[in-house]
Number of protein chains: 2
Amino acid sequence: MTRPTIVQLAQAAGVSPTTVSHAFSGRRYVDPDTKARIVTLAQEMGYRANPTARRLRSGGGGSIALVSSMPFAVAAGPSRLGFLMEIAAAAAVTALSRSTTLCLVPPLERGSQLEALDVDGAIVVEPALDDSVLDFFFERGVPVVAIGHAPGRPDLPAVDLRSTETARLLLDHLGGAGWRVGLVTGLQRRNSYIETEAAYAAFCAERGLASAAIRIDERGGEDEAAVAVEAFLRQNRDIGALCVPVDAFAAGALRAAAALGLSVPDDLRLATRYDGMRARLASPQLTAVNLHLDQVAETAIDMLTGLIEGRAASPKPIAPPLLVERASSARSSS
Amino acid sequence: MTRPTIVQLAQAAGVSPTTVSHAFSGRRYVDPDTKARIVTLAQEMGYRANPTARRLRSGGGGSIALVSSMPFAVAAGPSRLGFLMEIAAAAAVTALSRSTTLCLVPPLERGSQLEALDVDGAIVVEPALDDSVLDFFFERGVPVVAIGHAPGRPDLPAVDLRSTETARLLLDHLGGAGWRVGLVTGLQRRNSYIETEAAYAAFCAERGLASAAIRIDERGGEDEAAVAVEAFLRQNRDIGALCVPVDAFAAGALRAAAALGLSVPDDLRLATRYDGMRARLASPQLTAVNLHLDQVAETAIDMLTGLIEGRAASPKPIAPPLLVERASSARSSS
DNA sequence: ACCGGCATGCAAATCGTTTTGCATGGCGTC
DNA sequence: GACGCCATGCAAAACGATTTGCATGCCGGT
């Protein structure tokens with residue numbers, strides 16, 4: 001009942017395993033008749049090369065893990081599902097074409113069955129400062145590539161999400177004659193926040209505007225954002241535009257505006273970062289940025305497989321972030 | 001620069017590979033001092049057992065695949081991302097706690113690198129009639145568990161999504177005094193559609209209502225649904241409620257209603273099946289059904305691991321589907 | 001002095017491929 | 001007839017672990 005091996009097939013065909021291997025791989029010449037016999041026989045017997053054995057011999061890659069440092073309950077909740085899973089989907093496709101498989105790894109709790117995790121490398125999505133996930137893999141010598149640089153670890157291989165550029169794009173788009181632009185980020189110390197906040201500071205300095213920024217606890221999600229942004233706007237009446245990278249927070253900001261009787265975009269212009277379902281389903285639809293996550297995922301996998309095989313990681317360039325203008329930031333037709 | 005093997009570690013520690021192996025696996029007694037020496041040395045040298053080699057020798061014990069028969073471009077698009085990925089997230093957690101890993105497998109194209117796919121089992125999400133994905137795994141003797149029965153293959157192990165019950169739940173909720181209830185499903189022949197359509201036929205028969213149903217091509221997504229439903233409603237003016245299991249189609253139906261000047265829920269009551277982000281972000285929010293996808297995923301994994309290990313598959317019961325009432329089907333306050 | 005048993009560790013076989021290096025025989029050429 | 005070359009195929013060594021059977025050396029009991 002067990003699958004036939006190459007040896008059994010070879011015996012049945014009256015040849016050596018070598019010839020069978022060559023017949024399939026084509027790496028050496030095999031008599032056409034012989035090859036045909038082998039192939040049909042393989043069909044009959046249901047022979048398929050054992051992928052594990054094949055990989056062992058020819059050093060192929062095994063599996064790589066995709067990890068979010070945020071609990072799935074949060075990551076898979078409305079707030080982050082899109083971002084993580086869009087990457088996951090793209091990464092799965094790329095991984096398969098590189099003959100490795102992509103494993104989804106739920107957030108790590110030390111001392112759990114996680115010790116048994118058997119992967120050749122890991123991709124960590126937007127690690128935060130001192131992220132324990134990184135240490136975990138680091139400790140056991142598993143190569144890691146981050147999507148979005150790990151704060152405080154510029155040495156760690158990473159695919160740059162170009163957050164500074166993205167922030168500039170959003171801020172320049174939002175910035176208008178005279179009014180202030182506010183910024184809403186999160187409490188965690190992720191690189192995208194850090195870069196965005198820096199870009200924001202520079203932006204304000206250039207234009208001689210007073211900055212107005214708050215950070216919101218990610219765990220609170222849209223609801224907490226709605227409350228916090230409402231208070232924030234109440235205190236800063238002169239804010240004419242709001243840059244809200246986290247899409248869940250942007251949704252909260254939308255509610256806050258409604259609560260205050262502010263119309264979007266006429267009284268308040270709004271834009272977010274990740275152009276996912278959330279941005280498109282909001283009303284009005286949210287201006288966002290195309291981050292080319294498919295390219296990001298592909299690059300991350302290529303870097304990681306390179307790392308696993310001992311080659312130097314040479315990040316391919318990602319297309320620059322692209323603003324997707326929608327109703328939430330339409331310029332008032334004046 | 002390549003990873004050290006067990007032989008190198010053994011040499012460095014002055015013992016045999018056997019002892020190293022036993023030190024880690026614990027399958028034989030090893031002197032505590034020796035073990036300690038090996039472990040610390042392994043740490044220093046960054047030794048990790050090669051998962052591929054390990055698997056080759058000791059058989060499976062690896063990974064299971066999660067497959068959607070729909071292209072990721074569609075499955076991961078707004079229309080199905082939620083459903084598939086919510087299962088993926090839950091399954092990943094369960095899988096890890098059973099010490100296997102969950103691999104995301106993009107839709108299969110024959111003759112691609114897919115041959116190299118190395119999994120011990122597969123979970124297929126809502127297979128369609130004659131789904132080639134099932135044959136693929138069947139051919140190579142990989143055990144499969146379906147989420148949602150495979151049409152025409154009642155023998156295939158599956159976790160029941162209880163679509164008949166779900167449909168009854170929705171229809172009974174929508175059915176009101178006198179008006180007709182319409183049904184919108186998809187072109188593919190998935191079990192959930194089949195059961196839903198049967199339940200719908202029975203529902204109409206019981207109440208002596210003429211049935212009114214259409215099927216929409218999944219690939220067209222929300223846009224095509226908007227067009228199709230509008231035409232459908234125009235032809236069936238007496239429809240007072242619409243049961244639209246596919247959430248993307250429900251969103252389209254919402255647009256169709258708006259285009260016709262019908263108010264939801266006053267002129268048209270609406271409900272969908274999967275209670276995901278889409279249902280919650282629609283306006284008005286869509287009445288939907290809690291399918292307990294976390295339990296579904298857990299059960300699927302348990303069945304599959306059972307199958308892999310040769311035990312009989314004994315499906316655990318899933319909690320019954322639960323209606324989540326929202327504004328889209330609120331009874332008019334009369 | 002002998003023997004059984006325990007603690008400790010090693011050698012070698014094994015998993016199923018792929019990949020070299022070498023063997024065989026036939027055939028054309030000088 | 002000696003020589004080289006091509007076509008065809010096989011044997012054996014990897015790949016990196018796990019697992020089984022056996023070998024020591026030491027101890028206490030008789």
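Keep in mind that this is a model prediction, so the values were computed, not measured. Just so we're on the same page: letters track the sequence lines, and every chain starts at 1.
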Quickly work out the F24(B) CZ to dT18(D) P distance and round it to whole Å. 9 Å
Tightest non-hydrogen contact, residues D294(B) and A90(B), listed as CA-CB, 3.8 Å
Ignoring backbone atoms, test whether R27(B) places a side-chain nitrogen or oxygen under 4.0 Å from the OP1 or OP2 oxygen of dT18(D). no
Under 3.5 Å, is there any donor-acceptor pair linking the side chain of R37(A) to the base of dG9(D)? no
Between atom CG of L104(B) and atom OG1 of T101(A), what is the distance when rounded to the nearest 0.5 Å? 10.0 Å
Considering only side-chain heavy atoms of T18(B), which listed nucleotide, dA12(C), dT20(C), dG9(C), is closest? dA12(C)
Euclidean distance, atom CD of residue Q11(A) to atom P of dC10(D) [Å, nearest integer]: 12 Å
Between R190(A) and D130(A), is there a salt bridge with N-O shorter than 4.0 Å? no
Do any N or O atoms of the protein come closer than 3.5 Å to N or O atoms of nucleotides 14-17 of chain C, and which pairs are they?
residue, atom, partner, partner atom, Å
dT14(C), O2, R57(B), NH1, 2.6
dC15(C), O2, R57(B), N, 3.4
dT17(C), OP1, Y47(A), OH, 3.4
dT17(C), OP1, N50(A), N, 3.2
dT17(C), OP2, I6(A), N, 2.5
dT17(C), O5', Y47(A), OH, 3.2

Describe, in one word, how the ring planes of F83(A) and Y274(A) are oriented to each other, choosing from parallel (under 30°), tilted (30 to 60°) and perpendicular (over 60°). perpendicular
Is the phosphate of dT8(C) approached by Y29(B) (side-chain N or O, under 4.0 Å from OP1 or OP2)? yes
Could you check how far NZ of K35(A) sits from P of dA7(D), rounded to whole Å? 14 Å
Side chains of D131(B) and L134(B), heavy atoms from C-beta outward: is any pair under 4.5 Å? yes
For a side-chain contact (heavy atoms from CB on, under 4.5 Å) with I87(B), tell me which candidate from L291(B), L293(B), I123(B) qualifies. L293(B)
So what does T34(A) hit on the nucleic acid, given a heavy-atom distance under 4.0 Å: a base, only sugar-phosphate, or nothing? sugar-phosphate
Minimum-distance nucleotide (side-chain atoms of H22(B) versus dC10(D), dT20(D), dG9(C)): dT20(D)
Find which nucleotide of DNA chain C each of S25(A) and P32(B) is nearest to by heavy atoms, and output the residue with the more 5' nucleotide. P32(B)
Could you tell me how far apart L9(B) (CG) and dG16(D) (C1') are, to the nearest whole angstrom? 13 Å
Looking at P17(A) and A10(A), what are the two nearest heavy atoms and their distance? N-CB, 3.6 Å
Rounded to whole Å, how long is the line connecting atom CG of D31(A) with atom C1' of dC10(D)? 15 Å
